[in-house]
Amino acid sequence: MSVEISRHWRLNPQRYRLVGEECPRCGGKIFPPRDVCPYCADNEPQPSFKFSGRGEVFSYTTVHNAPEGYEDQAPYTVALVKLEEGPLVTAQLTDVSSGEVEIGMPVEMVTRKIRVQGDEGLIIYGYKFRPQLQAA
Amino acid sequence: MPVMKPARDVGIVGYGSYVPRYRLPATEVARVWTDGTGGAPIKEKAVPGLDEDTLTIALEAARNALARARIDPQDIGAVWVGSESHPYAVKPTGTIIAEAIGASPHTEAADWQFACKAGTETIQAGIGFVAGGMAKYVLGIGADTAQGRPGDALEYTAAAGGAAFIIGPAEESLAVFEATYSYVTDTPDFWRRQYAHYPSHGQRFTGEPAYFHHVTSAGQHLMQELGRTAKDFEYVVLHQPNAKFPQRAARMLGFEKEQWATGLLSPVVGNTYAGASLLGLTAVLDVAKPGDRILCVSFGSGAGSDAFAIKVTGAITERRSLAPTTQTYIDRRVEIDYATYARYRQKLQMK
């Protein structure tokens, strides 16, 4: 349980705010954060970069046989979301029926409950994506 | 008793709202529990999705408030969340909000509780915090995912939604607080004991000695001390546990339908508890003109009311288009039946 707690805690910035990195050499935007730039293999320390949260559905599938901890949400749609800054992120789609999802659909990041650790454990919050809402 | 006026002018720098997209028509509750007979207190209520709770609702409202405020979240000196349905019994909602909007770690954070007026308390305290120079900005939120016992009168109305306000200096504000006032007594109209899942209430006792007495006393006193009457306000927003109570209380205070119609959302979203009066206020700010005056009065069981006299400034016109309007969320409507509602609200025994 203690390792589990620290793992979730360490991921707060990326899960809550989509904080990734920007490569100091090639300028590529990196998500999730990692030691080596996936574009130019630079391994200098990379400054943080906050993604806008906007993107579009690159591909998707509907999960009917959910893994442990996610059963109560099935069926749900998981998508590869291409963020407007470049990276592909795997995330659950929310506030959408599976029949409404299309490749290329504009989506935006929202923070939702990802899973709940039973009746007494932590509630894990993180990013999901939903169809973009228009500002006023 | 004099009203509360900050020593330095303070206002609303940004505001934001959130309403989940699912709607349970009152006819569905009646179909299951009364064979479709009897009147319904509202048309329909907003129901949270499986992955939503008070935190996720409060957070989206807070992000919308930040978008309108256009401030650095690091300048927020306190993050306060008022609710009767905080996700944890012990572990603050405020710290998660602060972390997620980028306000932590140099900030105050706390969760507030006073039934349906927990949200306006954060605003009232925020006015003092900012006016006293303790913080440049305070983020005050009211949000709830209220539950009513299946078949109870409250099941028609207990809904989900919330609103967030960034309180700051008047010169940066889109609306300024002219004064505020709070009126509380020990009146046992509605309560929920530790570990109880559903609240208990005093049936008809929740009306006259509780809701009507506190709302009208607070509203009347604030107007009187400011030397104003209902005619001086373009809008009035009252706590809205159903459709009837706020309209009757507004009439008792001397208001007409045109003044309350904009901020009366309970017929189509239900009672969002700590979010209710504040959500109505966001709907008014979405359309108000510079110079308009708004009277907003909350009500929390137990019991008390916070009243605010607010004057809209010229900054409203460019600022309100920076986030989705409350009507946008209301229009994003997906109707569900009682069975889906029972699943979404975890009313089914799974083990």
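This is a predicted model, so every value here is computed, not measured. First the proteins, then the strands, lettered A, B, ... as listed; each starts at 1.
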Open item on the list: As a quick check of understanding, evaluate side chain to side chain contact (heavy atoms under 4.5 Å, CB included) for T111(A) and R63(B), giving each step before the final call.
Closed with: CA-CA 11 Å; T111(A) 305; R63(B) 284 182 172 139; 2.8 Å; yes
Open item on the list: Contact between Y16(A) and L59(B) at the side-chain level, heavy atoms closer than 4.5 Å - yes or no?
Closed with: no
TODO: Taking the side chain as every heavy atom from C-beta outward, state whether D95(A) and R332(B) have any pair of such atoms under 4.5 Å apart.
DONE: yes
Open item on the list: Among R115(A), Q92(A), Q73(A), which residue has the highest count of heavy-atom pairs closer than 4.5 Å to chain B?
Closed with: Q73(A)
TODO: Evaluate the criterion side chain to side chain contact (heavy atoms under 4.5 Å, CB included) for residue pair L50(B) and Y76(A); output intermediate values, then yes/no.
DONE: CA-CA 11 Å; L50(B) 283 166; Y76(A) 57 86; over 6 Å; no
Task: Electrostatic pair E60(B):R130(A) at N-O distance under 4.0 angstrom - done: yes
Task: Straight-line distance of Y125(A) OH to I97(B) CD1, nearest 0.5 Å - done: 9.0 Å
Open item on the list: For H106(B), is the NE2 atom crowded, meaning more than 12 foreign heavy atoms sit under 6.0 Å from it?
Closed with: no
Open item on the list: Among V116(A), N12(A), I123(A), which residue has the highest count of heavy-atom pairs closer than 4.5 Å to chain B?
Closed with: I123(A)
- [ ] Flag the pair D53(B) and R112(A) as a salt bridge only when some basic side-chain nitrogen lies within less than 4.0 angstrom of an acidic carboxylate oxygen.
- [x] no
Open item on the list: Does any backbone or side-chain atom of K50(A) lie under 4.5 Å from a heavy atom of chain B? Answer side chain, backbone, both or neither.
Closed with: neither
TODO: Could you look at Y344(B) and say if it's the side chain, the backbone, both or neither that has a heavy atom under 4.5 Å from chain A?
DONE: neither
Open item on the list: Between R15(A), K113(A), K128(A), who has the most heavy-atom pairs with chain B when the cutoff is under 4.5 Å?
Closed with: K113(A)
